[in-house]
Amino acid sequence: MSNPVASIANAIDRDGGDGIVVVYYPDFGVREWLVREVESIAGAEKSVRTDSTRKAHARPDALVLLLPANERAVVEELDGMRDQFLEPKRKYPVVLFLLREGDGARALREAPSLASWIRGSDPDPERLAEVDVEAERRAFEAEVGSSPEEWLERWRANKLPMDTGTVVLSYRAALLERR
């Protein structure tokens with residue numbers, strides 16, 4: 001199963017502090033949900049929200065959730081500031097939220113420096129979320145050795161470690177859980 005939250009977590013982990021992760025959203029209602037999901041992955045104490053490229057650059061110590069009002073302008077600024085974002089070394093990447101097929105996404109296609117920098121770190125959660133539930137339940141059981149419900153019972157009883165891998169599995173199991 002292409003897990004949208006796992007794809008975001010993997011992009012953040014992969015980029016460490018060196019990169020920019022772009023998360024595409026289909027509409028503004030979903031954007032807020034995605035922002036909260038990223039905050040839950042990273043831990044709210046490690047993340048900060050801003051709509052400013054300059055403020056994002058000023059916080060190399062935080063996972064910056066960049067929520068631009070003018071996506072095109074922010075993409076163009078990031079393209080021009082690539083070298084500045086590499087120094088000083090960031091502890092966490094910047095997560096840029098762009099409306100799918102919006103002005104920012106179109107500007108990104110015209111921003112070669114930024115586009116090459118983020119290649120592979122640009123999950124589109126909605127497109128990754130298409131699921132064949134029964135096939136995914138079988139795959140989950142084969143992978144972890146129990147049904148999603150059994151696994152979640154252990155997770156909810158705090159019998160499993162709290163790390164990125166189990167957080168991602170908990171999200172996957174919750175999606176597959178029969179209620």
Side-chain angles (χ1 to χ4, degrees), residues 1-131 164-165 167-168 170-172 174-175:
M1 168 168 67
S2 295
N3 181 327
V5 173
S7 67
I8 295 169
N10 289 337
I12 291 170
D13 284 345
R14 178 177 54 249
D15 280 348
D18 294 334
I20 294 181
V21 175
V22 175
V23 175
Y24 294 99
Y25 61 92
D27 60 57
F28 286 101
V30 174
R31 182 176 86 166
E32 181 57 31
W33 175 81
L34 286 169
V35 169
R36 287 192 312 269
E37 289 298 309
V38 171
E39 286 173 331
S40 74
I41 292 167
E45 70 282 352
K46 295 179 189 173
S47 62
V48 60
R49 294 182 186 199
T50 186
D51 63 354
S52 161
T53 305
R54 300 283 175 201
K55 289 178 184 174
H57 179 258
R59 293 297 311 269
D61 61 322
L63 177 72
V64 177
L65 309 179
L66 186 51
L67 307 160
N70 184 335
E71 292 182 356
R72 175 173 286 281
V74 165
V75 166
E76 290 169 353
E77 283 181 59
L78 285 171
D79 189 52
M81 295 179 66
R82 177 183 174 175
D83 291 342
Q84 293 175 39
F85 271 86
L86 294 173
E87 293 295 329
K89 176 120 173 84
R90 300 187 62 80
K91 189 171 182 181
Y92 304 100
V94 172
V95 182
L96 171 62
F97 292 83
L98 294 178
L99 180 64
R100 184 184 311 110
E101 301 308 322
D103 281 346
R106 286 189 292 276
L108 186 57
R109 291 191 286 267
E110 302 161 8
S113 179
L114 181 59
S116 69
W117 191 17
I118 61 133
R119 191 166 291 121
S121 296
D122 52 350
D124 188 337
E126 186 173 86
R127 291 192 176 147
L128 293 171
E130 297 173 3
V131 176
T164 302
V167 169
V168 169
S170 72
Y171 182 82
R172 183 176 164 203
L175 287 174

Query raised in the report: If you look at every heavy atom in Glu39 and Ser47, which pair is closest and at what distance?
Result: CG-OG, 3.6 Å
Query raised in the report: Short question: side chain of Arg172, backbone of Val167 - any donor-acceptor pair under 3.5 Å?
Result: no
Query raised in the report: Which atom pair, heavy atoms only, marks the closest approach of Val75 to Gly104?
Result: CG2-O, 3.6 Å
Query raised in the report: Hey, what do you get for CD1 (Ile20) to CG (Leu108), rounding to the nearest 0.5 Å?
Result: 10.0 Å
Query raised in the report: Between Ala56 and Val64, what is the shortest heavy-atom contact and its length?
Result: CB-CG1, 3.6 Å
Query raised in the report: Does the distance from a Lys or Arg side-chain N to an Asp or Glu carboxylate O, for Glu32 and Arg49, drop under 4.0 Å?
Result: yes
Report task. Kindly indicate whether the side chain of Arg59, heavy atoms from C-beta on, has any atom under 4.5 Å from the side chain of Thr50. Result -> no
Report task. Output the distance between atom CG (Asp27) and atom CZ (Arg100), rounded to the nearest 0.5 Å. Result -> 9.0 Å
Query - Parallel, tilted or perpendicular: rings of His57 and Phe85 (30°, 60°) - result: perpendicular
Requested in this report: I would like to know whether Leu78 and Val74 meet side-chain contact (heavy atoms from CB on, under 4.5 Å); could you show each step before the answer?
Outcome: CA-CA 6 Å; Leu78 285 171; Val74 165; 4.0 Å; yes
Query - Salt bridge flag under 4.0 Å for residues Arg106 and Glu110 - result: no
Report task. Identify the two heavy atoms, one from Pro93 and one from Leu63, that lie closest to each other, and give their separation to 0.1 Å. Result -> O-CD1, 3.2 Å
Query raised in the report: What heavy-atom pair brings Leu67 and Phe97 nearest, and what distance separates the two atoms?
Result: CD2-CD1, 3.4 Å
**Report entry** Nearest-0.5 Å distance that lies between atom CG in Leu66 and atom CG in Asp51
**Finding:** 8.0 Å
Query - CG-CZ distance between Leu98 and Arg72, expressed to the nearest 0.5 angstrom - result: 11.0 Å
Report summary line: Here the pair of heavy atoms bringing Leu99 nearest to Pro26 is CD1-O, 3.4 Å
Query raised in the report: Got a donor-acceptor contact below 3.5 angstrom from the Asp103 side chain to the Glu71 backbone?
Result: no
Report task. Let me know which of Glu77, Glu76, Gln84 forms a side-chain contact (heavy atoms from CB on, under 4.5 Å) with Thr53. Result -> Glu77
